[in-house]
Amino acid sequence: MVALAETEQQPIAGDREARARLCFVLLLVLLGVVSVASLTTGASGVSLLDVARIWASGESLDTVTRTILVDIRLPRLFMGVLVGAALAVSGAVMQGLFRNPLADPGLVGISAGAGLGATGAIVLGSFLPLAFQDFVGFYLVPVASFFGGWITTLLLYAVSTNRGRTSVGVMLLAGIALGALSGALTGIFVYIADDQQLRDIQFWGLGSLAGATWFKLVVAAPLILIALCAAPFLARALNALALGEAAAAHLGINVQHMKSIAILTVALAVGAAVAVSGGIGFIGIVVPHLLRIAVGPEHRFLLPNAALLGASLLIVADMISRTIIAPAELPIGIVTATIGGPFFLWILLRNRSLLDM
Amino acid sequence: MLAVRPDLCIAVVGAGPPDAVEVLQQAGVEYVVVPDTYDAAGVREKILVVADALGVPDAGLELANEIEAQLAAALGAVEGEPPRVLFILSTQGGRITASGEGTAASGIIEMAGGVNAVTDFEGYRQLTDEALLAAAPDVILMMDRAGDHSAANDELFGHPALGLTPAADDEAVVRINGLLLLGFGPRTAEAVTRLSQALGTTGG
């Protein structure tokens, strides 16, 4: 008998898990660093070093500095973390659900519906009775976009669910149809809009974290956090779904149940994110792909890491948008697309063989 | 446009697209471009050009002189520090879109004796919250129109950055009809008078 040499073979699964844990820690550190950097940069030049110096000398901060840090930069930071995490996790869930690398959160109709709601509110808002306008005020557009997104998602869900089974294929196609319809309606609103409203619509579409107040955070955070907490429970189901719906069902996953939860989770997270920050693209697609190259397709590792990377990316984008053309502000959607596009292309070119689908 | 068979087309500078303009001119329609600069000389120029195009230069000259006199009387000025005025175009979505240099808003502010709080860029752009604090406007100027353009004072100063400006301390918000304020037409003197009264800079 030939004695087989005992080669110490590391199981691949263990390899991946170690990498994923390392990745998580690194991303956590990155998020911390980026957050501190974000609090310290801004058009006004107030930096944390200044704050440290003031505290060291025993004085308290003057109102302006305190407002800049506490009322302007801090809520903006938290908003960036929440929105970035929401978009990235939703993108990962969508890509798992549709088993399609091009899936982004907008596929459930959220973006089209939210855009329609926001555009409608911007253009038609002036026709509402003045008393109502005063009552609703600043919140008309975010609320309208949230409901617009939800109504579209529910409509899409209803269309693609037949006799208790949701077909993702039908959802994809119906999403295209609904997207076209809402695009047409948005076009009509754009047509009747005046110059000022056109400008508002355009910039809503490009996204911004400006005007992030504690109030907005208090309203949006619970919604996004609920969705982010629900997402990890979908991880095992999404893993199984990669083998096909039948195989997943045989593995004991309640596929229909899982689909409903996934769609609702994405609608909640993205709906709230888009309502408070407008249309920010690219994070939902790029982040999951970047992470798959590092940690593989295992959703239990992918989803938490996606949240961290999405948050960090959005904070960096926000820092750039606030300072690159100060005192003016660049819409954050432009920054994410400008960075995301070429970077993603570079990653793809480097890993073409790895990603051959 | 050709269906209404115009004899004369009076356009503001920058009207287009250039292809459409060319087609109009080729069709034999007389096409006159009116310049649009945001000061007293600009208003005079406008009146004279339009009067010329309509074939009534004498009436035009009379009107131009009349308005020039009105404007000269209305121009605002103040001893000491002129008030810093920030023209806000829109506060939609928590973004403050403000006027920099070279716009109708900055022109009328200067004519009324104020000074534009933001001079670092041209045109209407979104201002970062911190830059808004640095600009420290004494007065906020907005167009008076229904809808989100005229956010109520509470909401306006509920914005974290706006609430800390010197304007917030006095709740100094001036709302004037958009066309009157920015049109730079025959009612410009009235606009200047109303603005300078609101700013407290009357008496040139």
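Labels below follow one simple rule: chain letters A, B, ... track the order of the sequence lines, proteins then strands, and each chain is numbered from 1.
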Nearest-0.5 Å distance, OG1 of residue T213(A) to NE2 of residue H159(B): 8.5 Å
Interchain contact, F215(A) with chain B, by part (heavy-atom threshold 4.5 Å): neither
E190(B) atom CD, neighbour heavy-atom count above 12 within 6.0 Å: yes
Point-to-point distance, once rounded to the nearest 0.5 Å, from CG of L133(B) to CD1 of I72(A): 4.5 Å
Nearest-0.5 Å distance that lies between atom OG in S90(B) and atom CD in Q196(A): 4.5 Å
Interface residues of residues 115-127 of chain B facing chain A - heavy atom cut-off under 4.5 Å: D120(B), F121(B), Y124(B), R125(B), Q126(B), L127(B)
Atom CG of D195(A) with >12 non-hydrogen neighbours under 6.0 angstrom: no
A161(B), part contacting chain A, at a heavy-atom distance under 4.5 Å: both
Over all atoms of both residues, closest heavy-atom pair of A328(A) and T128(B): O-CG2, 3.7 Å
ring-ring contact (aromatic ring centres under 6.0 Å, His included) against F184(B), all qualifying residues, sequence neighbours excluded: Y38(B)
Verdict with supporting geometry, E329(A) and I96(B), side chain to side chain contact (heavy atoms under 4.5 Å, CB included): CA-CA 10 Å; E329(A) 181 165 328; I96(B) 311 289; over 6 Å; no
Nearest-0.5 Å distance that lies between atom CD in E130(B) and atom OG1 in T41(A): 8.0 Å
